[in-house]
Amino acid sequence: MADLFPAGDPGDPDQCLAARLAAATAEGRPLRIKLGIDPTGSDIHLGHSILFRKLRAFQDAGHTAVLIIGDFTARIGDPTGKSATRVQISKEQVEANATTYLKQLGQGQPKEQALLDFETSGRLEVRRNSEWLEGLDLPQVIGLLGTATVGQMLAKDDFSKRYGSGTPIALHEFLYPLLQGYDSVAVDADVELGGTDQKFNVAMGRDLQRHFGQRTQFGMLLPILVGLDGVQKMSKSLGNTVGLEDDPLSMYSKLEKVGDGAINDYVTLLTDLDLETLPENPREKQKAMALAVTASRHGQEAAAKAQADAATLVGGAGDAAADVPEASLAAVNFPAKAFYLLSAVGICASSSEARRQIKGGAARLEGEKISDPNQEFASAAELEGKVLQLGKKTFRRLVG
RNA sequence: GGGUCGGUGCCCGAGUGGUUAAUGGGGGCGGACUGUAAAUCCGCUGGCUCUGCCUACGUUGGUUCAAAUCCAACCCGGCCCA
């Protein structure tokens, strides 16, 4: 089991998970396991899935997962790990994100396939923190603010760095830890799950529970998954993520490239594989991990196909019968010059970029290098069914 | 509110009247190499169906043949004082 927080006084039953479990059994009730997510982006990635896997384990053990959609706090933005003031997002955007999150977590799916168990009654509560936060009045907010000090806030790593470097900190950002801590009070959490970077916030939840006369929650802090760059944490804004919704091929091909330094973390945090039984060869280990993770999301069969396809594509055959994403020629006006084609088909962000890529020797059609950006194609007919390639990793099969 | 410094391309950060999308670094993308990657080396890193034409240095106006660079107002921020 991962990092437990707080280590605290071992004699204090309040701070021991085993004691919690025992007490729950004695009382004949399941524990309430809080996990809060802020719907600030549209996709859940593998970094999040560590937490959800743990939450699911609690569910399977008979406890109640209390999933808090931070629809209210998302509008403030968690300052954790941020070096700049986060842009506030709209209510509508938050709501849309929340819907996709639930879908990605497996709402409406049988529990065997879903990340969380949405089926078994009593195992899941989905709450939105606007339920209780929106209704707070000013005296209550002031009461919350009174429980923490500026010194405590500035001791938090993110804030102290920003303060030290002269980066603005808006006052409302101080409210974030308090509000998300108040969530623990609102749902009467026994245990809160979070990444190790959530230590401050989880601790704040304990303080507030104590303040409100509740038994304090047990914080379970799970390791942060490093991103594909092998250095920074997996985060959408850093662009080093593997999305849960990624198709098997791109999921697999991203994962098989995880750096040697990060591979063991991926194995232990994302799969049920035993490190001991895996091949020593780092390349083989990567493949095994990538296969297992892909399979856990898309099934064994799809994962195996992705592995085969990845080998074919990267192996250079380029035009194999692999499962290449399609790109429509419908938006392309013919005659089309090569650079325009690349951009119109969406494989390059702009026509200027396409021109550069072609000059740099990155573009291929059916494995043949396109060297002239101005090369002209007369009609869609001569391109249909062919595979357009950019670099080693990006392929599009052109369709009418 | 006063003083002061500052707002430059994805980010950081040079530049302080004049051939140029604007030094450098990071990141990103591409090429070579390799077990994929990393490391290393090389190239690219505003837009446009592009041998040219557009739009760019907080915003708006002004001075000038000419401004990211000068002036004014405004907006935003750091620090100090109150």
Side-chain angles (χ1 to χ4, degrees), chain A residues 81-88 159 161-171 173 226-232 235-242 249-267 278-291 293-294 306-318 329 331-364 369-380 383 388-395:
Chain A
K82 296 294 162 203
S83 51
T85 310
R86 191 179 251 183
V87 189
Q88 296 189 42
F159 286 138
K161 275 189 190 142
R162 282 167 60 184
Y163 192 65
S165 69
T167 311
I169 300 171
L171 284 177
E173 295 183 76
V226 292
L228 292 171
D229 56 17
V231 182
Q232 293 182 280
S235 153
K236 181 106 181 176
S237 53
L238 296 172
N240 59 3
T241 62
V242 179
L249 180 58
S250 58
M251 183 180 263
Y252 178 87
S253 46
K254 283 181 193 172
L255 287 169
E256 69 162 353
K257 287 178 200 143
V258 164
D260 291 355
I263 179 75
N264 286 355
D265 281 351
Y266 274 65
V267 171
L278 288 180
E280 268 305 302
N281 181 308
R283 186 74 187 119
E284 293 307 312
K285 203 192 267 189
Q286 285 173 323
K287 285 183 178 171
M289 182 277 291
L291 186 66
V293 175
T294 308
Q307 184 170 52
D309 289 349
T312 324
L313 287 175
V314 179
L329 289 166
V332 183
N333 297 318
F334 287 91
K337 291 185 176 170
F339 74 92
Y340 161 70
L341 179 72
L342 288 244
S343 107
V345 130
I347 202 167
C348 284
S350 71
S351 64
S352 300
E353 186 194 316
R355 187 175 277 275
R356 283 183 231 116
Q357 293 286 21
I358 293 169
K359 283 185 188 156
R364 290 168 185 274
K369 183 174 286 185
I370 303 177
S371 49
D372 178 10
N374 292 319
Q375 181 180 340
E376 245 184 39
F377 300 95
S379 69
L383 290 171
L388 194 59
Q389 175 182 358
L390 184 75
K392 289 174 198 158
K393 292 171 270 191
T394 315
F395 301 85

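Predicted, not measured: the structure shown is a model, and the values here were computed from it. We name chains A, B, ... by the order of the sequence lines, and we start the count at 1 in each one.
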Provide the Watson-Crick or G-U wobble partner of [N], both distances under 3.5 Å; none if there is no partner.
| N | result |
| --- | --- |
| B:G17 | none |
| B:G1 | B:C81 |
| B:A72 | B:U60 |
| B:C41 | B:G31 |

Can you tell if the side chain of [X] reaches within under 4.5 Å of the side chain of [Y], non-hydrogen atoms only?
| X | Y | value |
| --- | --- | --- |
| A:Glu256 | A:Leu291 | no |
| A:Lys359 | A:Pro373 | yes |
| A:Lys287 | A:Tyr252 | yes |
| A:Leu342 | A:Gln357 | no |
| A:Leu329 | A:Leu341 | yes |
| A:Asp309 | A:Phe395 | no |
| A:Val242 | A:Val293 | no |

What distance do A:Ile370 atom CD1 and A:Lys337 atom NZ have between them, rounded to the nearest 0.5 Å?
-> 14.5 Å

Between CG on residue A:Leu228 and NZ on residue A:Lys257, distance to nearest 0.5 Å | 9.5 Å

Identify, between A:Asn281 and A:Arg356, the residue whose nearest nucleotide on RNA chain B lies closer to the 5' end.
-> A:Asn281

Nearest to the side chain of A:Ser350, which nucleotide is it out of B:G35, B:C48, B:U45?
-> B:C48

Ignoring hydrogens and angles, tell me if any N or O in the side chain of A:Tyr266 forms a donor-acceptor pair with the backbone of A:Val226 under 3.5 Å.
-> yes

State whether the side chain of A:Glu284 and the backbone N or O of A:Gln286 hold a donor-acceptor pair below 3.5 Å, judged by distance alone.
-> no

Distance, [atom1] atom - from [M] to [N], rounded to whole angstrom:
| N | M | atom1 | value |
| --- | --- | --- | --- |
| B:U45 | B:A22 | C1' | 14 Å |
| B:U60 | B:C53 | P | 25 Å |
| B:G77 | B:G58 | C1' | 11 Å |
| B:G9 | B:C5 | P | 23 Å |
| B:A32 | B:C70 | C1' | 49 Å |
| B:G15 | B:C81 | P | 29 Å |
| B:U16 | B:A68 | C1' | 9 Å |
| B:C11 | B:U4 | C1' | 27 Å |

From [atom1] of [X] over to [atom2] of [N], roughly how many Å is that when rounded to an integer?
| X | N | atom1 | atom2 | result |
| --- | --- | --- | --- | --- |
| A:Glu256 | B:U34 | CD | C1' | 14 Å |
| A:Arg283 | B:G35 | CZ | P | 11 Å |
| A:Leu342 | B:C48 | CG | P | 12 Å |
| A:Arg162 | B:G77 | CZ | C1' | 13 Å |
| A:Tyr163 | B:C80 | OH | P | 6 Å |
| A:Leu228 | B:U36 | CG | C1' | 13 Å |

Classify the side chain of A:Gln286 and the base of B:U36 as holding, or not holding, a donor-acceptor pair under 3.5 Å.
-> yes

Polar atoms only, N or O, under 3.5 Å: list the protein pairs with nucleotides 29-33 of chain B and their distances.
from	atom 1	to	atom 2	distance (Å)
B:C29	O2'	A:Gln357	NE2	2.4
B:G30	O4'	A:Gln357	OE1	3.3
B:G30	O2'	A:Gly360	O	3.3
B:C33	N4	A:Lys392	NZ	3.4

Any side-chain donor paired with an acceptor under 3.5 Å for A:Ser350 and A:Ser352?
-> no

Can A:Ser351 and A:Tyr340 be said to form a side-chain contact (heavy atoms from CB on, under 4.5 Å), step by step?
-> CA-CA 5 Å; A:Ser351 64; A:Tyr340 161 70; 5.6 Å; no

Give each protein N/O atom lying under 3.5 Å from an N/O atom of nucleotides 20-23 of chain B, with the pair distance.
none

Can you give me the N/O atom pairs linking the protein to nucleotides 49-53 of chain B at distances under 3.5 Å, or say none if there are none?
from	atom 1	to	atom 2	distance (Å)
B:U49	OP2	A:Ser351	OG	3.3
B:U49	N3	A:Pro335	O	3.2
B:U49	O4	A:Asn333	O	2.7
B:C50	O2	A:Arg355	NE	3.0
B:C50	O2	A:Arg355	NH2	3.3
B:C50	N3	A:Arg355	NE	2.9
B:C50	N4	A:Ser351	OG	2.7

What does A:Asp260 touch in the nucleic acid at a heavy-atom separation under 4.0 angstrom: a base, only the sugar-phosphate, or nothing?
-> base

